[in-house]
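Values below: all heavy atoms of this structure, side chains included; hydrogens, waters and symmetry mates excluded. Residues take their numbers from the sequence shown, with the count starting at 1.
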Amino acid sequence: MTRANVIQLGFGVFLLGGAGYYFFRFIGFQGFSAGIASEALLITIVLLWTLSYLFRVVTGKMTFMEQRKRYV
């Protein structure tokens, strides 16, 4: 992953947080509650992504591991 990809991903998460805030405001949450709900959603997404990464590490389904199995 290049530096530009990391910056794009970070910007996308930033925009996702803002969109989540306005979505929760739209469906009836008050300002503070919408912020908490948006933050909880982002934390859940990051935790699920981390757990999927750890699952791939433990099961050996990483790209590098797959390449090593093929060529070694």
List the atom pairs, with distances to 0.1 Å, where a side-chain N or O of residues 8-33 and a protein N or O form a donor-acceptor pair under 3.5 Å, not counting sequence neighbours.
{"from": "Tyr21", "atom 1": "OH", "to": "Arg25", "atom 2": "NH1", "distance (Å)": "3.0"}

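With hydrogens and angles disregarded, no donor-acceptor distance shorter than 3.5 Å links the side chain of Ser38 to the backbone of Ala34.
Residue Phe55 is tested with Leu51, Thr59, Val58 for a side chain to side chain contact (heavy atoms under 4.5 Å, CB included); the sole match is Thr59. Each of Val46, Ile45, Thr44 was evaluated against Leu48; a single residue qualifies, Thr44, per the side chain to side chain contact (heavy atoms under 4.5 Å, CB included) test.
Remark: Ile43 CD1 to Thr50 OG1 distance equals 11.5 Å, nearest 0.5 Å.
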